[in-house]
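I have placed the structure first, in the form of structure tokens, so that the comments after it can refer back to it.
Along the sequence shown, residues carry numbers from 1.
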Amino acid sequence: TEIKNIFQLEFALVIASQVDTMNIDNLFELAEKLDHFAIQHKIPQLKTKCTSLVDYIEAFDFEKIQKYLIEINDLFKS
């Protein structure tokens, strides 16, 4: 669908990069952009995952951060 395509263009590579690099400042920025995308496109499942992602970033729980980034990316795979 169109939303999946937009997500892939805007976020797929950034998410893949963050799964590997785990830069905290960039993670917060990414989470904010994902949250905005969730609100803009009315995707409650993504909004919920973004809220959890921010909690894990704040807690420096890198395993959960990676898990949630992958799950978020998987929501929009074709």
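- In this structure, L27 and V54 have side chains that are not in contact, with every pair of non-hydrogen atoms separated by 4.5 Å or more.
- Between the Q18 side chain and the N23 main chain, a donor and an acceptor come within less than 3.5 Å of each other.
- Taken to the nearest 0.5 Å, the CD atom of Q45 stands 11.0 Å off from the SG atom of C50.
- Other residues, nucleotides and ligands place no more than 12 heavy atoms under 6.0 Å from the CD atom of E32.
- S17 places no side-chain N or O within 3.5 Å of a backbone atom of L13 that could act as its donor or acceptor partner.
- In this structure, CG on N5 lies 11.5 Å from CD on E10, to the nearest 0.5 angstrom.
- The aromatic rings of F7 and F76 lie parallel to each other, with less than 30° between the two planes, well short of the 60° mark.
- L69 has its side chain within reach of L30: a pair of non-hydrogen atoms, C-beta onward, lies under 4.5 Å apart.
- Considering only heavy atoms from C-beta on, L53 stays 4.5 Å or farther from D35 through its side chain.
- Residues I24 and F11 fall within the same hydrophobic cluster, defined by Ile, Leu, Val, Met, Phe, Trp and Tyr side chains chained together at heavy-atom separations under 4.5 Å.
- Of the charged side-chain nitrogens involved, at least one lies within less than 4.0 Å of a carboxylate oxygen, so that E29 and K33 count as a salt-bridged pair.
- Within a 6.0 Å sphere centred on CD of E63, other residues, nucleotides and ligands contribute 12 heavy atoms or fewer.
- Summarising the geometry, atom OH belonging to Y56 is positioned 10.0 Å from atom CD1 belonging to I65; distances are rounded to the nearest 0.5 Å.
- Rounding to the nearest 0.5 angstrom, the gap separating the CD1 atom in I3 from the CD atom in Q8 is 13.0 Å.
- Considering K49, K77, K64 in turn, K49 is the only one that fulfils the salt bridge (Lys or Arg N to Asp or Glu O under 4.0 Å) rule with E71.
- Put simply, CG on L75 and CG on L46 are 6.5 Å apart, with the number rounded to the nearest 0.5 Å.
- Taken together through direct or relayed side-chain contacts under 4.5 Å among Ile, Leu, Val, Met, Phe, Trp and Tyr, I70 and V14 form part of one hydrophobic cluster.
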